Student: 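Pasting a structure below so you can have a look.
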Amino acid sequence: MRRLGTGALAAAVVLSAALPPAVAHGRGEAPGHRVVVDGLDNPRQLNWTNDGADLLVAEAGRGGPECSPDGACAGPSGAVTLVERPGSRSPEVSTPVEGLLSIATAPGGVAAVGVNGVDTTDVPGQYLVAGYDAAGPPMANGSLLVAVQEASDVTSVLAWADLQAAEEELNPDGAQVHSNPYAVLYVDEDPGGAPDGYALVADAGANTVWKVVPDFATQTEEQAPEHEITAWATWPTTALPDGTDDPAGPAEFVPTSLTSDGDGNVYVGGLGSERPGAASVVKFDADGTELDRWDGFTAVTGVAVDGEHLYVSELFGPTPPALGGEPGAEESAAEDAAASADGAEEAADGAAVEAADPGAEEPAQVPGRVVVLHTGDPEGARWGVDVPLPADLATDGRRVYASVNSLAPAEGIPAGAQNPFGAVGGGAVWALDFSQARPVDPVATAGPGR
């Protein structure tokens, strides 16, 4: 599976090392997860603005009215949402970038793809967007876009780095030629100085993390800088003679998430072909040399670091419901989520599912978990909390934020015969509470399957 998106106070938790301050709410806050912002369409990557005060959310959108014979419907519903002061009781929410390409293969915009990743650069008012170029052929145009918010509050967007072209030319994993950029991390080599950074892009389709280095000497007011694209890290793929992936071979890494620590190390989370226990998080130095890794996760779609603690989101963790823990199952859990949109058409007047209330228990069949571990713990103890269909994570050192119900449009997904999850709330960002986290074990790999 190379393309994502088609297809749940009193007790204190004691980790083997000191409890990170972000695992529990501060004084005066009610226990349980807290809604920061809701009404989001397929929220994916989270990132901080340059000053570390405000939170960026990539919204993949909900598709649109332009439909192709194969059922894919596209439209300008992708966006970047800015949440100012997310830790406050009344954060301010705005949309600095909107009107970006979104593609959905199911009614209602379930599991749409589009704006999967976002980060700021060292140029004020500039955003990098991992998604698709509206000028290219649908689903064959993975790109890194540059959006610039001007003084007039008008945002201009241009395609900058053609990742699909890089995949066609380099094809680092030697398998199918497909780009699906899913997360972006801007590395500022000299904060406070002149623009000099570069971008890392986790490309789930190419099974590669690309490095995009701009030549700022070529930048003008009307034109983004020229750039060079290289493969910063890649993972092997077992391919069939026709170049497509071998479902009976080893699980693919499938990079989906990126973050960095204060020492400049980079953490990459991988989906692991959605097989139970096959997903991993790998720690690299700034040059791309592997330093450490943590295995035994299921469908990693987000990572965050806070001191010596690593937070990992498992989209379908600990076991994808469509797989039931058994190798060889053919259906993708993400595709089942999309298929559940058929039930949306049958719902009276398209009845919407209300955004999930973190104070209420999520339906038991809605999968998802966020795990925290101490990176220096030789015993490798892990603790987890239930979070429905989480995508990316972000932490400011006090709180951990998660994009939740990340395969759902703003109104959620109704329960239906083809929906293995039950009713799913609408896309949102939550501040997580780990005070009732429970011990969890790494999941043993089920072996080759899909």
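The first residue of the sequence shown is numbered 1, and numbering continues consecutively from there. Keep in mind that what you see is a predicted model, and the values were worked out from it rather than measured.
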Student: Step by step, would you call Leu82 with Glu84 a side-chain contact (heavy atoms from CB on, under 4.5 Å)?
Tutor: CA-CA 6 Å; Leu82 176 66; Glu84 298 182 63; 4.1 Å; yes
Student: Return the minimal non-hydrogen interatomic distance between Glu59 and Val115, and the atom names on each side.
Tutor: O-CB, 3.2 Å
Student: Calculate, to the nearest 0.5 Å, the distance between atoms CG and OG1 belonging to Leu46 and Thr81 respectively.
Tutor: 10.5 Å
Student: Checking Thr121 side chain against Val123 main chain: does a donor-acceptor pair fall under 3.5 Å?
Tutor: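 Side chain of Thr121 to backbone of Val123, a donor-acceptor pair under 3.5 Å: yes, one is there.
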Student: With rounding to the nearest 0.5 angstrom, report the CD to CG distance, Glu92 to Asp54.
Tutor: 9.0 Å
Student: Taking Gly131's backbone N and O only, do any of them form a donor-acceptor pair with Asn116's side chain (distance below 3.5 Å, no angle check)?
Tutor: no
Student: Could you check Thr289 against Asp287 for side chain to side chain donor-acceptor pair (under 3.5 Å), going step by step and ending with a plain yes or no?
Tutor: CA-CA 6 Å; Thr289 300; Asp287 296 324; 5.8 Å; no
Student: Do you know which of Asp292, Asp261, Thr375 makes side chain to side chain donor-acceptor pair (under 3.5 Å) with Tyr267?
Tutor: Asp261
Student: Is there a side chain to side chain donor-acceptor pair (under 3.5 Å) between Asp173 and Thr237? Walk through the geometry before answering.
Tutor: CA-CA 6 Å; Asp173 69 347; Thr237 300; 2.9 Å; yes
Student: Taking the side chain as everything from C-beta on, heavy atoms only, tell me whether Ile103 gets closer than 4.5 Å to Cys73.
Tutor: no
Student: Are any non-hydrogen side-chain atoms of Tyr401 and Val83 less than 4.5 angstrom apart?
Tutor: no
Student: Within the distance-only criterion (no hydrogens, no angle test), does the side chain of Asp306 pair as donor or acceptor with the backbone N or O of His309 below 3.5 angstrom?
Tutor: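 Looks like no, no N/O pair under 3.5 Å.
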Student: What verdict does the side-chain contact (heavy atoms from CB on, under 4.5 Å) test give for Lys283 and Trp294, after you've listed the backbone C-alpha separation in whole Å, the side-chain angles of each residue and the deciding distance to 0.1 Å?
Tutor: CA-CA 9 Å; Lys283 176 183 178 181; Trp294 298 268; 3.9 Å; yes
Student: What's the verdict on side-chain contact (heavy atoms from CB on, under 4.5 Å) for Val201 and Tyr182, showing C-alpha distance, side-chain angles and the deciding distance?
Tutor: CA-CA 7 Å; Val201 185; Tyr182 215 76; over 6 Å; no
Student: Could you measure the distance from the CG atom of Asn47 to the OH atom of Tyr127? Nearest 0.5 Å is fine.
Tutor: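 Reported value, rounded in 0.5 Å steps: 12.0 Å.
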Student: Should Asp38 and Trp430 be marked as a side-chain contact (heavy atoms from CB on, under 4.5 Å) after you check the CA-CA gap, both sets of side-chain angles, and the distance that decides it?
Tutor: CA-CA 8 Å; Asp38 56 14; Trp430 291 358; over 6 Å; no
Student: Could you report the tightest heavy-atom contact between His33 and Leu432, atom names first, then the distance?
Tutor: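 Minimum heavy-atom contact is ND1-CA, 3.5 Å.
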Student: Check for a donor-acceptor pair, side chain of Asn171 on one end and backbone N or O of Ala175 on the other, with a separation under 3.5 Å.
Tutor: yes
Student: What are the two closest heavy atoms between Ser102 and Ala112, and how far apart are they?
Tutor: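 That would be OG-CB, 3.8 Å.
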Student: Does the side chain of Glu167 come within less than 4.5 Å of Pro172's, by heavy atoms?
Tutor: yes
Student: To check you understand the geometry: which heavy-atom pair defines the closest contact between Val300 and Ser257, and what is its length?
Tutor: CG1-OG, 4.0 Å
Student: Look up atom CG in Leu291 and atom CG in Asp285, then write down how far apart they are to the nearest 0.5 Å.
Tutor: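 Those atoms lie 5.0 Å apart.
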Student: Using the side chain to side chain donor-acceptor pair (under 3.5 Å) rule, take Arg293 and Ser280 through it: C-alpha gap first, then chi angles, then the decisive distance, then the call.
Tutor: CA-CA 7 Å; Arg293 66 181 294 134; Ser280 304; 3.2 Å; yes
Student: Would you give the length of the straight line joining atom CG of Asp433 to atom CZ of Arg399, rounded to the nearest 0.5 angstrom?
Tutor: 11.0 Å
Student: Under a 3.5 Å distance rule, please check whether Thr208 uses its side chain to pair with a backbone N or O of Thr234 as donor and acceptor.
Tutor: no
Student: Hey, could you give me the OG1/CG distance between Thr120 and Asp51, rounded to the nearest 0.5 Å?
Tutor: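 Output value for this atom pair is 8.5 Å.
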Student: Does Tyr186 form a side chain to side chain donor-acceptor pair (under 3.5 Å) with Asp122? I'd like the steps, not just the answer.
Tutor: CA-CA 9 Å; Tyr186 187 78; Asp122 48 6; 2.8 Å; yes
Student: Measure the acute angle between the ring planes of Phe253 and Trp235, then classify it against the limits of 30° and 60° as parallel, tilted or perpendicular.
Tutor: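 Correct class here is parallel.
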Student: Please confirm whether the backbone N or O of Val118 pairs with a side-chain atom of Gln45, one donor and one acceptor, at under 3.5 Å?
Tutor: yes
Student: Please tell me if the side chains of Leu128 and Val146 come closer than 4.5 Å, counting only heavy atoms from C-beta onward.
Tutor: yes
Student: Hey, is the main chain of Pro390 close enough, under 3.5 Å, to the side chain of Thr301 for a donor-acceptor pair?
Tutor: yes
Student: Do Thr395 and Val305 have side chains that approach each other closer than 4.5 Å (heavy atoms only, starting at C-beta)?
Tutor: no
Student: State, with a plain yes or no, whether a side-chain heavy atom of Val184 is found less than 4.5 Å away from one of Leu144.
Tutor: yes
Student: For the pair Ser313 (side chain) and Gly302 (backbone), establish whether a donor and an acceptor sit closer than 3.5 Å, ignoring hydrogens and angles.
Tutor: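 Yes, because the side chain of Ser313 sits within donor-acceptor range (under 3.5 Å) of the backbone of Gly302.
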Student: What are the two closest non-hydrogen atoms of Asp119 and Trp48, and how far apart are they?
Tutor: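 So the two residues come closest at OD1-O, 3.9 Å.
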Student: Over all heavy atoms of both residues, which pair between Val443 and Pro318 is shortest? Give the atoms and the distance, please.
Tutor: CG2-O, 4.0 Å
Student: Kindly indicate whether the side chain of Trp232, heavy atoms from C-beta on, has any atom under 4.5 Å from the side chain of Val266.
Tutor: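 Yes, side chains in contact.
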Student: Any non-hydrogen side-chain atom of Leu101 less than 4.5 Å from a side-chain atom of Pro76?
Tutor: no
Student: Can a donor-acceptor pair be found, under 3.5 Å and without considering hydrogens, that links the side chain of Glu314 to the backbone of Thr298?
Tutor: yes
Student: Without swapping roles, check the side chain of Asp41 against the backbone of Pro409 for a donor-acceptor pair under 3.5 Å.
Tutor: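 Side chain of Asp41 to backbone of Pro409, a donor-acceptor pair under 3.5 Å: no, none is there.
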